[in-house]
Amino acid sequence: MKRELLRQLPSVDKLLLDARVQFLIDRYSHAAVVGIVRGELEAARGEILAGSDVPSQECLTDRVERRVRGSWEPSPRHVINATGVILHTNLGRAPLSRDAVAAMQAVGGYVNLEFDLATGARGSRHEHLNGVLRQLTGAESSLVVNNNAAAVLLALTSMAREREVIVARSQAVEIGGGFRVPDVLRQSGARLVEVGTTNRTYIRDYAAAITPETAAILRVHPSNFRIVGFTHEPALGGLAQLAAARGILLIDDLGSGCMFETEQFGLAHEPTVQESVEGGVDLVCFSSDKLLGGPQGGIILGRTSLIQAVGAHPLFRAVRADKTAIAALGATLMHYLRGEALTKVPVWRMIALTADEASARVENWRQRLGNLGEPKATSSTIGGGSLPGQILPTVALALGPTLPAGGRDNGALTVNELSSRLRQQSPAVVGRIERDQLLLDPRTVAEDEDEALLQSVQRALA
Ligand SMILES: *Cc1c(COP(=O)(O)O)cnc(C)c1O
């Protein structure tokens, strides 16, 4: 019975003669298309044996076409983020400024990455960003590595291996997939000494835990959650004094790398890099692709002697940043130095967008889409495990619950169908579904993406 059904499947040769498959062979590669045709027939046999109907030749050709196009498309590719989540981890966290993208492009070839052009001697990759970071933060010296997880691991490995590190119980936390403070400490070879209680830790708790084995106090910013109510954590200055008096280090895992006062945008206070440096922290570690708004990276700031010791550890070689990240980070930091970060760094442009400005953009989208959908007051979030629970009022374009669609599906399209079709467009558009409507939030859509966004919506509905 099943054999009968299997015989109804077209042969590999027959599918290869299909005009659409022929087109794919001409356009891409014979060998690759043959492989995909074989694979799809094999998959169809499996499905038939498992009880499915025999797929039509058209259906098989559709599948082959999707697979071929899928495997030839560049990946990862551009996505328009209309979710309103600014640091969207799954969509690549911080979008880069134009200057940062141009800087990456400019260093595609050979560069003076570790070469001193003045003397012709060997140079150091640390030097490129040292000056600008010193001017911005006041820290003597800096290192740039692959991400903040690497920065913290490197700081602990180089400074506290086989010794004790004191952490408040409220800070022995998990930050996003795979970064758990106790695990990172273990991996560094340091021994974790927890002090205080889940909600309250005092200076005297730290002081009582210091022994000759203690290398450092580690402070971790609990980026992705908040404990409210009856809580206490010592001020940074007090911890720095204690560490200095007892001859141990204070290491700060700051997380987001914020350089602006977030209160001016109606958000809670996010600890800044400048506060940590001024507060007397010995080593400050933070991400460069969260609120700093640059490429993926981790920055370590501190005194020159300490930074030299961290950079001399063999682990540094395994986690150092590449030339394109260093170039893009340099361009991002220049926006801060020139006092233009609020308008040039996309993350801060997005945070600074007012609800009125969002409303005007949505009105413009609606008109260009023939009055499709309606404006809806809602909220955007920071995302990326930063400023949890904090919202920015916005206005989004709300589509649905059903939409008029042209073409074969003439009639109605559900919100889920529209959302799926938008993800298949080029560029793909990702929105967010709320109460049976698809919301497109202009906050996270760059103005120069408007045209492409509207075209993707029109194609998805056609
Ligand atoms: C985000 C974060 C990390 C991890 O940083 P990555 O750059 O993602 O590696 C570590 N610690 C804190 C406090 C964070 O917020």
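Side chains are part of it too, since the values below use all heavy atoms of this structure and drop only hydrogens, waters and symmetry mates. One is the number of the first residue; the rest follow in order along the sequence. Whatever order the structure lists them in is the order used to number ligands and atoms, beginning at 1.
Compare Pro222, Ser287, Ala151 by their heavy atoms: the one nearest to atom 6 (P) of ligand 1 is in Ser287.
Counting heavy atoms of neighbouring residues, nucleotides and ligands inside a 6.0 Å radius, atom CZ of Arg93 exceeds 12 of them.
Within the 4.0 Å heavy-atom shell around ligand 1 one does not find Gln296. Within the 4.0 Å heavy-atom shell around ligand 1 one does not find Val152.
Remark: ligand 1 and Asp289 share no N or O pair separated by less than 3.5 Å (distance only, no angle test). Of the N or O atoms in Ala149, one or more lie within a sub-3.5 Å distance of an N or O in ligand 1. Taking any N or O of Ser256, backbone or side chain, none lies under 3.5 Å from an N or O belonging to ligand 1.
Of the candidates Leu292, Leu353, Ile86, Leu291, Leu291 is the only one forming a side chain to side chain contact (heavy atoms under 4.5 Å, CB included) with Trp348.
The ring of Tyr336 has its center closer than 6.0 angstrom to the ring center of Phe260.
Nearest to atom 11 (N) of ligand 1 among the protein's heavy atoms is Asp253 OD2, 2.7 Å. Protein heavy atom at the shortest distance from atom 15 (O) of ligand 1 is Ser223 OG, 2.5 Å.
A salt bridge does not link Arg67 with Glu65: every distance from a Lys NZ or Arg NE/NH1/NH2 to an Asp or Glu carboxylate oxygen is 4.0 Å or more. We find that Glu194 and Arg169 are joined by a salt bridge, their nearest charged nitrogen and carboxylate oxygen being less than 4.0 Å apart.
Residue-level proximity to ligand 1 for Arg93 is carried by the side chain, the only part with a heavy atom below 4.0 angstrom. Contact annotation: for Asn148 versus ligand 1, heavy atoms closer than 4.0 Å belong to both the backbone and the side chain.
In this structure, the side chain of Asn199 engages the main chain of Phe230 through a donor-acceptor pair within 3.5 Å.
Here is the list of ligand 1 atoms found below 4.0 Å of a heavy atom in His221: 13 (C). Applying the 4.0 Å criterion to heavy atoms of Lys290 picks out, from ligand 1, the atoms 1 (C), 2 (C), 3 (C), 14 (C), 15 (O).
Ring planes of His126 and Phe316: perpendicular class, angle over 60° (limits at 30 and 60°).
Using modelled atom types and a 3.5 Å distance limit, the side chains of His269 and Glu275 yield a donor-acceptor pair.
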